[in-house]
Amino acid sequence: MEQVIFYILAFVAIVSSLFMITRNNPVHSALWMLLTFFAVAGIFVQLDAEFVAAIQVLVYAGAILVLYLFVVMLLNPKSHGFIKVPFRYAIGVVASVIIVFQVLMTLKSSEVIGKLGWVTPQLAQELGNVKMFGKELFTTYLVPFEIASILLLVAMIGAIVLAKKD
(Lines give C-alpha, C1' and ligand atoms only; values in the text may rest on other atoms or scores of the structure.)
Protein backbone atom coordinates (compact mmCIF):
# COMPACT_ATOMS: atom_id res chain seq x y z
CA MET A 1 0.00 0.00 0.00
CA GLU A 2 2.86 2.39 0.83
CA GLN A 3 4.45 1.80 -2.56
CA VAL A 4 1.18 2.57 -4.33
CA ILE A 5 0.88 5.86 -2.44
CA PHE A 6 4.53 6.65 -3.22
CA TYR A 7 3.99 6.03 -6.93
CA ILE A 8 0.83 8.15 -6.93
CA LEU A 9 2.66 11.02 -5.19
CA ALA A 10 5.64 10.67 -7.50
CA PHE A 11 3.36 10.66 -10.55
CA VAL A 12 1.53 13.76 -9.29
CA ALA A 13 4.87 15.51 -8.62
CA ILE A 14 6.22 14.70 -12.08
CA VAL A 15 3.04 15.62 -13.96
CA SER A 16 2.48 18.82 -12.01
CA SER A 17 6.11 19.87 -12.50
CA LEU A 18 5.74 19.27 -16.23
CA PHE A 19 2.58 21.39 -16.26
CA MET A 20 4.42 23.99 -14.20
CA ILE A 21 7.11 24.51 -16.85
CA THR A 22 4.78 24.31 -19.84
CA ARG A 23 2.02 26.77 -18.81
CA ASN A 24 1.96 30.16 -20.49
CA ASN A 25 0.37 31.97 -17.58
CA PRO A 26 2.86 32.39 -14.70
CA VAL A 27 0.12 32.28 -12.09
CA HIS A 28 -1.02 28.90 -13.40
CA SER A 29 2.61 27.76 -13.25
CA ALA A 30 2.74 28.86 -9.62
CA LEU A 31 -0.35 26.83 -8.80
CA TRP A 32 1.15 23.75 -10.44
CA MET A 33 4.32 24.40 -8.45
CA LEU A 34 2.21 24.43 -5.29
CA LEU A 35 0.84 21.00 -6.16
CA THR A 36 4.38 19.78 -6.78
CA PHE A 37 5.46 21.02 -3.34
CA PHE A 38 2.59 19.22 -1.64
CA ALA A 39 3.31 15.98 -3.51
CA VAL A 40 6.98 16.15 -2.51
CA ALA A 41 5.94 16.85 1.09
CA GLY A 42 3.78 13.74 0.96
CA ILE A 43 6.79 11.73 -0.16
CA PHE A 44 8.77 13.14 2.79
CA VAL A 45 6.00 12.07 5.16
CA GLN A 46 6.20 8.56 3.74
CA LEU A 47 9.94 8.56 4.45
CA ASP A 48 9.24 9.38 8.15
CA ALA A 49 10.74 12.83 7.68
CA GLU A 50 7.83 14.82 9.06
CA PHE A 51 10.01 17.80 9.92
CA VAL A 52 11.29 18.10 6.36
CA ALA A 53 7.73 17.76 5.06
CA ALA A 54 6.57 20.54 7.36
CA ILE A 55 9.48 22.74 6.28
CA GLN A 56 8.68 21.89 2.66
CA VAL A 57 5.13 23.13 3.07
CA LEU A 58 5.94 26.14 5.27
CA VAL A 59 9.01 27.46 3.48
CA TYR A 60 8.49 26.47 -0.12
CA ALA A 61 4.72 26.40 -0.45
CA GLY A 62 4.20 29.23 1.98
CA ALA A 63 7.08 31.67 1.68
CA ILE A 64 8.87 31.11 -1.59
CA LEU A 65 5.72 30.58 -3.65
CA VAL A 66 4.17 33.74 -2.19
CA LEU A 67 7.39 35.62 -2.99
CA TYR A 68 7.25 34.23 -6.52
CA LEU A 69 3.65 35.37 -6.91
CA PHE A 70 4.56 38.87 -5.69
CA VAL A 71 7.36 39.04 -8.26
CA VAL A 72 5.04 37.84 -11.01
CA MET A 73 2.48 40.45 -10.06
CA LEU A 74 5.11 43.19 -9.88
CA LEU A 75 6.57 42.31 -13.27
CA ASN A 76 3.10 41.93 -14.78
CA PRO A 77 4.16 39.64 -17.59
CA LYS A 78 1.94 39.12 -20.62
CA SER A 79 -0.24 36.04 -20.57
CA HIS A 80 1.96 34.45 -23.24
CA GLY A 81 4.80 34.03 -20.78
CA PHE A 82 8.14 35.70 -20.36
CA ILE A 83 9.76 34.14 -23.40
CA LYS A 84 8.41 33.00 -26.76
CA VAL A 85 7.05 29.46 -26.52
CA PRO A 86 9.43 27.45 -28.78
CA PHE A 87 12.51 29.11 -27.29
CA ARG A 88 11.16 28.48 -23.79
CA TYR A 89 10.76 24.76 -24.50
CA ALA A 90 14.28 24.55 -25.87
CA ILE A 91 15.68 26.25 -22.79
CA GLY A 92 13.61 23.97 -20.55
CA VAL A 93 14.82 20.82 -22.26
CA VAL A 94 18.47 21.91 -22.17
CA ALA A 95 18.22 22.98 -18.52
CA SER A 96 16.48 19.73 -17.58
CA VAL A 97 19.12 17.58 -19.25
CA ILE A 98 21.90 19.54 -17.56
CA ILE A 99 20.24 19.31 -14.15
CA VAL A 100 19.56 15.56 -14.46
CA PHE A 101 23.14 14.97 -15.59
CA GLN A 102 24.49 17.07 -12.73
CA VAL A 103 22.35 15.29 -10.14
CA LEU A 104 23.39 11.87 -11.43
CA MET A 105 27.08 12.81 -11.43
CA THR A 106 26.79 14.30 -7.94
CA LEU A 107 25.09 11.19 -6.60
CA LYS A 108 27.67 8.97 -8.27
CA SER A 109 30.67 10.88 -6.94
CA SER A 110 29.42 11.72 -3.46
CA GLU A 111 28.98 9.62 -0.40
CA VAL A 112 25.33 10.49 0.02
CA ILE A 113 24.19 7.09 -1.17
CA GLY A 114 27.13 5.33 0.48
CA LYS A 115 26.15 6.64 3.92
CA LEU A 116 22.97 4.58 4.03
CA GLY A 117 22.73 2.34 7.02
CA TRP A 118 24.36 4.49 9.69
CA VAL A 119 20.96 5.56 11.00
CA THR A 120 19.38 2.78 12.96
CA PRO A 121 15.81 2.86 14.22
CA GLN A 122 17.12 3.03 17.80
CA LEU A 123 19.31 6.05 16.99
CA ALA A 124 16.42 7.75 15.22
CA GLN A 125 14.20 7.24 18.27
CA GLU A 126 16.89 8.44 20.69
CA LEU A 127 17.82 11.62 18.85
CA GLY A 128 14.67 12.31 16.86
CA ASN A 129 14.35 13.40 13.24
CA VAL A 130 14.81 17.10 13.89
CA LYS A 131 18.00 16.76 15.93
CA MET A 132 19.55 14.34 13.44
CA PHE A 133 18.53 16.62 10.57
CA GLY A 134 20.01 19.69 12.26
CA LYS A 135 23.22 17.91 13.17
CA GLU A 136 23.80 16.69 9.62
CA LEU A 137 22.75 20.02 8.09
CA PHE A 138 25.08 22.15 10.20
CA THR A 139 28.06 19.80 10.21
CA THR A 140 28.28 17.62 7.09
CA TYR A 141 26.22 19.78 4.75
CA LEU A 142 27.11 23.25 6.04
CA VAL A 143 28.78 24.43 2.82
CA PRO A 144 25.94 23.35 0.47
CA PHE A 145 23.48 24.91 2.93
CA GLU A 146 25.34 28.23 2.84
CA ILE A 147 25.64 28.11 -0.96
CA ALA A 148 21.89 27.52 -1.25
CA SER A 149 21.17 30.44 1.06
CA ILE A 150 23.45 32.72 -0.99
CA LEU A 151 21.72 31.61 -4.20
CA LEU A 152 18.33 32.39 -2.70
CA LEU A 153 19.58 35.81 -1.61
CA VAL A 154 20.91 36.54 -5.12
CA ALA A 155 17.60 35.42 -6.64
CA MET A 156 15.70 37.70 -4.30
CA ILE A 157 17.93 40.67 -5.13
CA GLY A 158 17.56 39.91 -8.83
CA ALA A 159 13.78 39.82 -8.51
CA ILE A 160 13.82 43.19 -6.75
CA VAL A 161 16.09 44.68 -9.44
CA LEU A 162 13.79 43.36 -12.19
CA ALA A 163 10.73 44.71 -10.40
CA LYS A 164 12.30 48.15 -9.90
CA LYS A 165 13.38 48.44 -13.55
CA ASP A 166 10.10 50.01 -14.72
Side-chain angles (χ1 to χ4, degrees), residues 1-110 112-113 115-116 129 133 136-137 141 144-163 165:
M1 184 64 184
E2 290 180 9
Q3 278 191 327
V4 172
I5 294 172
F6 172 78
Y7 286 125
I8 290 171
L9 289 172
F11 179 76
V12 167
I14 290 170
V15 169
S16 61
S17 64
L18 286 175
F19 281 151
M20 178 187 72
I21 62 172
T22 57
R23 300 298 97 186
N24 288 331
N25 190 334
V27 176
H28 294 167
S29 293
L31 293 175
W32 285 110
M33 186 166 45
L34 179 67
L35 183 61
T36 304
F37 289 154
F38 280 118
V40 171
I43 291 172
F44 283 135
V45 168
Q46 274 204 314
L47 293 172
D48 292 329
E50 296 86 6
F51 176 72
V52 178
I55 294 299
Q56 170 81 19
V57 170
L58 290 175
V59 172
Y60 288 102
I64 292 179
L65 190 63
V66 169
L67 177 68
Y68 176 76
L69 282 175
F70 280 140
V71 170
V72 165
M73 290 177 186
L74 284 174
L75 292 176
N76 195 16
K78 307 289 184 231
S79 63
H80 298 299
F82 296 109
I83 304 172
K84 301 279 185 206
V85 173
F87 186 63
R88 184 179 66 178
Y89 289 143
I91 289 175
V93 168
V94 169
S96 300
V97 168
I98 290 171
I99 289 171
V100 166
F101 180 73
Q102 183 66 39
V103 167
L104 290 176
M105 294 307 293
T106 302
L107 288 176
K108 185 178 177 185
S109 65
S110 70
V112 172
I113 295 175
K115 291 179 73 174
L116 289 177
N129 283 341
F133 177 77
E136 284 295 311
L137 182 65
Y141 299 105
F145 176 76
E146 292 298 329
I147 290 172
S149 63
I150 290 171
L151 286 175
L152 287 173
L153 178 66
V154 169
M156 188 172 65
I157 291 171
I160 292 170
V161 168
L162 287 174
K165 207 171 195 177

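Keep in mind the model is a prediction, meaning the values are calculated, not measured.
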Note: G42 and L9 closest approach over all heavy atoms is C-CD1, 3.5 Å

Atom pair CD1/CH2 of I21 and W32 - distance to nearest 0.5 Å: 13.0 Å

Please report the shortest heavy-atom distance between S17 and I14, naming the atom on each side. OG-O, 2.8 Å

Looking only at heavy atoms, the pair that brings S29 and M20 closest together is OG-O, 2.9 Å

Give a yes or no on this: more than 12 heavy atoms of other residues, nucleotides or ligands lie within 6.0 Å of atom CD of Q3. no

Have a look at V94 and tell me which of I91, I98, V97 forms a side chain to side chain contact (heavy atoms under 4.5 Å, CB included) with it. I98

Answer yes or no: is there a donor N or O on one side and an acceptor on the other, between the side chain of Q46 and the main chain of E2, under 3.5 Å? yes

Give, for atom CD1 of I43 and atom OH of Y7, the distance between the pair rounded to the nearest 0.5 Å. 11.5 Å

Exercise: identify the closest heavy-atom pair between S16 and L35: CB-CD2, 3.8 Å

Any side-chain heavy atom of M33 within less than 4.5 Å of one from F37? yes

When rounded to the nearest 0.5 angstrom, what is the spacing between NE2 in H28 and OG1 in T22? 12.0 Å

If I take atom CG from residue L31 and atom CZ from residue F19, how far apart are they, to the nearest 0.5 angstrom? 13.5 Å

For F38 and A61, the nearest pair of non-hydrogen atoms, with its separation, is CZ-CB, 4.5 Å

Taking the side chain as every heavy atom from C-beta outward, state whether L65 and Y60 have any atom pair closer than 4.5 Å. no

Closest non-hydrogen atom pair, A53 against F44: CB-CB, 3.8 Å

